[in-house]
Amino acid sequence: AQSVTQLDSHVSVSEGTPVLLRCNYSSSYSPSLFWYVQHPNKGLQLLLKYTSAATLVKGINGFEAEFKKSETSFHLTKPSAHMSDAAEYFCVVSDLPGGGNKLTFGTGTQLKVEL
Amino acid sequence: DGGITQSPKYLFRKEGQNVTLSCEQNLNHDAMYWYRQDPGQGLRLIYYSQIVNDFQKGDIAEGYSVSREKKESFPLTVTSAQKNPTAFYLCASTDSSYGYTFGSGTRLTVV
């Protein structure tokens, strides 16, 4: 069975400061892990994905995430927040490389960026 | 541009009424999915289809029905049996290698 826990439901940062959104996962196999972003009343957009290649994954808009097997974590980071980063972020786990038919979503982290 | 189109963007349903949400993709993806999103609960899988004329129930299929007569289309019907249909509905597709592509969603409200 697979599961994912997003440790913070809300994160607030100032513009220009680092962003850290935390995600822990549980999976019976070598998981595929994804981060998606959702702006209000929009669909989800893929930020980045890990599928057993390099453990440090770079995504769009300056985001990156590091897969740490020993800690079962896949935290999302960005060195400097921008106002346009304000959105909801979902950590997603799957036992299959592209996601297959079984994606498990975290409950989301709402990121607020203040001036 | 390739993508997924969901319509309508907003939909209002009266008690006891069936409504159908449209999902069309031009990505040539075989697999398509319907998710329901409620505040604080992430996304939950309603139905999915891996190929034309075939579909399977997801985790919360009760009160919903689907069809997959064409590769491009995967409409979702919310029936009167769904007791709490107010939610944001997302359609997605995948080619199983890259990840999921999502539509922009339909917000359904019961009035």
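Remember, it's a predicted structure, so these values are computed and weren't measured experimentally. Every chain is numbered from 1 and lettered A, B, ... according to where its sequence line falls, protein lines coming before strand lines.
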Checklist entry - Measuring heavy-atom distances to chain A, does B/Q37 have an atom under 4.5 Å in its side chain, in its backbone, in both, or in neither? => result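 Contact with chain A is through the side chain of B/Q37 alone.
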Hydrophobic cluster identity match, [X] and [Y], side-chain contacts under 4.5 Å:
| X | Y | result |
| --- | --- | --- |
| A/V37 | A/Y50 | yes |
| A/W35 | A/V93 | yes |
| B/Y47 | B/Y35 | no |
| A/F67 | A/L56 | no |
| A/M83 | A/V13 | yes |

Next on the checklist: Other residues, nucleotides and ligands only: do more than 12 of their heavy atoms fall within 6.0 Å of CD1 on B/I51?
Outcome noted: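 No, the 6.0 Å shell around CD1 holds no more than 12 heavy atoms from other groups.
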Next on the checklist: How about NZ on B/K9, more than 12 heavy atoms from neighbouring residues, nucleotides or ligands closer than 6.0 Å, or not?
Outcome noted: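 Correct, the count exceeds 12.
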Checklist entry - When you look at B/F88 and A/K42, which way does the side-chain contact (heavy atoms from CB on, under 4.5 Å) test go after all the steps? => result CA-CA 10 Å; B/F88 191 53; A/K42 299 291 186 185; over 6 Å; no
Next on the checklist: Heavy-atom pairs under 4.5 Å with chain A - which of B/C91, B/G42, B/A92 has more of them than the others?
Outcome noted: B/G42
Checklist entry - Residue by residue, which of residues 67-80 of chain B have a heavy atom closer than 4.5 Å to a heavy atom belonging to chain A? => result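 So far as heavy atoms go, nothing in residues 67-80 of chain B approaches chain A to under 4.5 Å.
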Next on the checklist: Using the rule side-chain contact (heavy atoms from CB on, under 4.5 Å), only one of A/T104, A/L103, A/L44 pairs with B/L43; which is it?
Outcome noted: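 Of the listed options, the one satisfying the test is A/L44.
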Checklist entry - Does the ring center of B/Y100 lie less than 6.0 Å from the ring center of A/F34? => result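 Between B/Y100 and A/F34, the centre distance exceeds or equals 6.0 Å.
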Item to check | Residue part contacting chain B, namely of A/Q38, when any heavy atom lies under 4.5 Å | outcome: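 A/Q38 touches chain B through side-chain heavy atoms alone.
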Next on the checklist: Please determine whether side-chain contact (heavy atoms from CB on, under 4.5 Å) holds for the pair A/N41 and B/Y10, giving the CA-CA distance in whole Å, both sets of side-chain angles, and the decisive distance to 0.1 Å.
Outcome noted: CA-CA 10 Å; A/N41 292 311; B/Y10 298 95; 4.1 Å; yes
